[in-house]
Amino acid sequence: MSAAVSEKNSVLMEKIVSLCKRRGFIFQSAEIYGGLNGCWDYGPLGAELKRNLKEYWWRKNVQERDDVVGLDGSILTLEAVLKSSGHLDGFSDEMSTCKSCKRHIRFDQLRDLIANSAWAQSLAEAMTVEKPGDPAGVSADGETLARWARKKGKTLAPNLALVRNPEVVISWIIEESVRHQPMDPWYFTQLVATEQLRQTGPVNPCPDCGGELTAPRKFNLMFETNFGAAGDGTAYLRPETAQSIFVQFKNVLETSRVKLPFGIAQIGKSFRNEINPRNFTFRSREFEQMEIEYFCKPEDGLRLTDEWLEARLTFYEEIGIPREHLHIVDIPDGERAFYSQKTYDIEYEFPFGIQELEGIAYRTDYDLGVHQKGSGKSLEYFDEESKEKLLPHVVEPSAGCDRTVLALICEAFDEETVTDEKGKEEVRTVLRFSPRVAPVKVGVFPLLKNKPELVAKAREVQKLLTPFMTVFYDEAAAIGRRYRRQDEIGTPFCVTIDFDTIGENGEELKDTVTIRERDSMKQERIAISELRAFLLDRIQ
RNA sequence: GCGGGUAUAGCUUAGUGGUAAAGCCCUAGCCUUCCAAGCUAGUUAUGUGGGUUCGAUUCCCACUACCCGCUCCA
């Protein structure tokens with residue numbers, strides 16, 4: 001992305017964030033206290049928008065399918081579940097950062113990385129050539145070290161203490177080598193990275209540049225919480241909704257009379273202690289997922305992954321995110337999780353970059369396998385046809401709910417230049433939501449507030465529609481302003497009660513209203529009796 | 001987590017070591033026969049905590065949050 005484009009998109013994103021706050025879509029959590037990093041609250045309109053998304057997803061993926069059932073699992077999660085799933089080990093890495101080049105290093109990988117690093121291999125080679133036949137360990141040879149530091153070290157590990165300040169470091173090494181005979185190779189590796197041994201103790205070197213690494217810090221990527229009356233038990237806030245689906249697989253299977261292939265769907269909150277929340281609600285510490293685990297026979301996994309990709313793309317189209325703004329990434333071998341045979345990411349062109357909305361992963365029988373092993377309970381499925389037991393495989397379409405809401409807002413946001421009768425140009429801000437997801441479906445206005453007949457009639461129309469859709473009644477300010485207010489929150493239709501409606505201009509126009517469409521700003525006149533059907537037909 | 005930037009009303013901005021200004025928005029009233037009209041009145045702000053000072057929104061320090069670039073992203 002060029003700097004100019006980046007700047008333009010940054011301004012666009014600021015406008016979107018500002019609109020979200022101004023109109024009550026999204027607020028920062030605990031704003032009056034200074035805010036809580038990585039957490040956001042949905043205001044009245046945001047709550048409607050998000051509900052519409054979730055309800056449509058549920059309807060399409062659960063209610064309108066006879067092969068998917070729903071689940072609503074607990075957020076608090078037993079430690080053993082996350083132990084089996086691999087989250088407990090995989091989600092709490094110790095990390096070090098290089099003070100010179102800022103690279104992040106997973107501490108458990110450090111020794112391997114050092115062993116394979118160019119400078120460490122070069123140094124080891126130099127020591128071996130100069131001192132052949134010293135199998136017990138590394139012995140310090142000041143001259144060899146100094147020569148290496150001046151030559152190869154300068155290019156391979158410019159930030160290594162030995163290279164930056166050979167005299168001091170070599171003196172430490174010689175001193176230490178007397179006390180440690182034979183010297184442990186790892187201790188030697190630490191020593192060449194240590195400039196102030198007395199002050200700092202031995203430090204670890206960066207595998208890239210030789211610079212000093214910070215002490216390892218533990219990143220708890222899951223939120224831990226106390227549990228039980230005495231508070232001495234440990235539970236976790238789930239980092240994904242999927243695990244309760246796997247853990248309840250057997251119960252659902254036995255109670256729902258489902259047969260392979262079938263899916264279990266769930267919408268709910270998940271929590272990850274993101275190192276760096278960023279980009280408005282995109283990367284939050286508390287977020288909502290819409291997940292399906294679609295269980296199948298092993299031979300169907302790859303085919304179903306492709307089918308789900310298609311189904312999900314259609315879904316995005318139906319809520320107003322066109323395929324042209326989505327990118328499908330087929331995650332290549334080596335970059336997928338080790339248990340996945342196929343993974344697609346569906347990405348959206350956000351103003352801040354192309355970012356993931358949903359992942360569709362063929363996870364084989366990994367999940368049921370680990371929980372079967374962890375719990376000691378069989379999770380096998382008996383196939384009536386073949387009379388055989390099998391451990392089902394699973395395809396997981398996992399969508400980010402908040403991310404999709406953000407994509408809906410970004411996609412809908414538009415600033416349009418309109419020219420009024422006097423030739424004056426002005427900007428019309430419109431959220432072009434699909435009527436299906438729009439938080440308010442219809443605005444109802446009396447043309448004038450100070451005419452009781454108009455107000456009364458408008459209230460009647462409001463009452464007529466309220467049971468079927470979200471209606472916003474507004475009588476304040478000029479009619480044009482009211483239209484624009486609705487444009488800004490993405491209301492697809494506005495109904496205005498005027499003097500025709502109350503029969504002032506003839507019997508044939510009595511009980512008709514104007515209905516104005518958001519995008520075209522065109523109006524047509526229809527009978528109040530047809531209003532409900534007209535609108536329901538267009539908002540589904 | 002690192003580096004850089006920002007923080008004044010709901011929004012956009014002004015300004016000052018000594019009473020904080022405007023436009024838009026919003027609210028109420030008047031007016032108004034279809035696209036942000038007009039008039040009147042009104043509410044609302046120096047992110048938090050320290051320090052320097054007689055006095056700090058302004059200068060200094062710390063914290064928090066947000067933005068940008070790295071980094072991370074099961």
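Convention: sequence-line order gives letters A, B, ...; per-chain numbering from 1. Scope of the values below: all heavy atoms of this structure, side chains included, with no hydrogens, waters or symmetry mates.
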Nearest to the [X] side chain among [options], which nucleotide is it?
X: A/Glu504; options: B/rU27, B/rU33, B/rC34; answer: B/rU33
X: A/Arg516; options: B/rU33, B/rC35, B/rA37; answer: B/rC35
X: A/Arg484; options: B/rC35, B/rC34, B/rU12; answer: B/rC35
X: A/Arg278; options: B/rC70, B/rC26, B/rU32; answer: B/rC70
X: A/Leu448; options: B/rC35, B/rA36, B/rU32; answer: B/rU32
X: A/Asn37; options: B/rA65, B/rC67, B/rA36; answer: B/rA65

Between atom [atom1] in [X] and atom [atom2] in [N], what is the gap in whole Å?
X: A/Gln28; N: B/rC66; atom1: CD; atom2: P; value: 5 Å
X: A/Glu415; N: B/rU12; atom1: CD; atom2: P; value: 13 Å
X: A/Glu31; N: B/rC11; atom1: CD; atom2: C1'; value: 12 Å
X: A/Met13; N: B/rG69; atom1: CE; atom2: P; value: 12 Å
X: A/Arg428; N: B/rC24; atom1: CZ; atom2: C1'; value: 19 Å
X: A/Ile497; N: B/rU32; atom1: CD1; atom2: C1'; value: 18 Å
X: A/Ile16; N: B/rC67; atom1: CD1; atom2: C1'; value: 14 Å
X: A/Leu19; N: B/rU12; atom1: CG; atom2: P; value: 11 Å

Looking at every strand, decide which applies to [X] at a 4.0 Å heavy-atom threshold: base, sugar-phosphate, or nothing.
X: A/Asn279; result: sugar-phosphate
X: A/Thr496; result: base
X: A/Tyr33; result: nothing
X: A/Glu240; result: nothing
X: A/Gly359; result: nothing

Using atom [atom1] in both nucleotides, what's the gap between [N] and [M] to the nearest angstrom?
N: B/rG5; M: B/rC61; atom1: P; value: 12 Å
N: B/rU58; M: B/rG3; atom1: C1'; value: 27 Å
N: B/rC35; M: B/rU43; atom1: P; value: 33 Å
N: B/rA9; M: B/rA45; atom1: P; value: 9 Å
N: B/rU8; M: B/rU12; atom1: C1'; value: 12 Å
N: B/rG23; M: B/rA14; atom1: P; value: 16 Å
N: B/rU16; M: B/rC11; atom1: C1'; value: 23 Å
N: B/rA20; M: B/rG55; atom1: C1'; value: 16 Å

Check the phosphate of [N] against [X], side-chain N and O only, distance under 4.0 Å to OP1 or OP2. Yes or no?
X: A/Lys21; N: B/rC11; result: yes
X: A/Asn450; N: B/rC30; result: no
X: A/Lys449; N: B/rG29; result: yes

Looking only at non-hydrogen atoms, find the nearest pair between A/Trp119 and A/Ile114 and report the distance. CZ2-CD1, 4.2 Å
Quiz question: by atom type and distance under 3.5 Å, do the side chains of [X] and [Y] form a donor-acceptor pair?
X: A/Asn204; Y: A/Gln190; result: yes
X: A/Ser244; Y: A/Gln266; result: yes
X: A/Arg336; Y: A/Thr343; result: no
X: A/Thr234; Y: A/Glu79; result: no
X: A/Asp402; Y: A/Thr281; result: no
X: A/Tyr33; Y: A/Glu31; result: no

A/Glu349 pairs by side chain to side chain donor-acceptor pair (under 3.5 Å) with which of A/His327, A/His325, A/Gln355? A/His327
Spell out yes or no: do the side chain of A/Thr514 and the base of B/rC34 have one donor N/O and one acceptor N/O closer than 3.5 Å?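 Checked by distance alone, the answer is yes.
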Determine whether any donor atom in the side chain of A/Arg22 lies under 3.5 Å from an acceptor atom in the base of B/rC25, or the reverse, and answer yes or no. no
RNA chain B: A/Phe282 or A/Asn505, which has the more 5' nearest nucleotide? A/Asn505
A/Arg485 or A/Ile32: which one's nearest nucleotide on RNA chain B is closer to the 5' end? A/Arg485
Enumerate, in order of first residue number, the stems that involve RNA chain B, defined as 3 or more consecutive Watson-Crick or G-U wobble pairs with both distances under 3.5 Å.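 In RNA chain B, stems of three or more pairs: B:1-7 with B:64-70, B:10-13 with B:21-24, B:26-30 with B:38-42, B:47-51 with B:59-63.
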Nearest 0.5 Å please: distance from the OH atom of A/Tyr344 over to the CG atom of A/Leu313. 10.5 Å
Of A/Arg238, A/Lys269, A/Lys50, the residue whose pairing with A/Glu288 passes salt bridge (Lys or Arg N to Asp or Glu O under 4.0 Å): A/Lys50
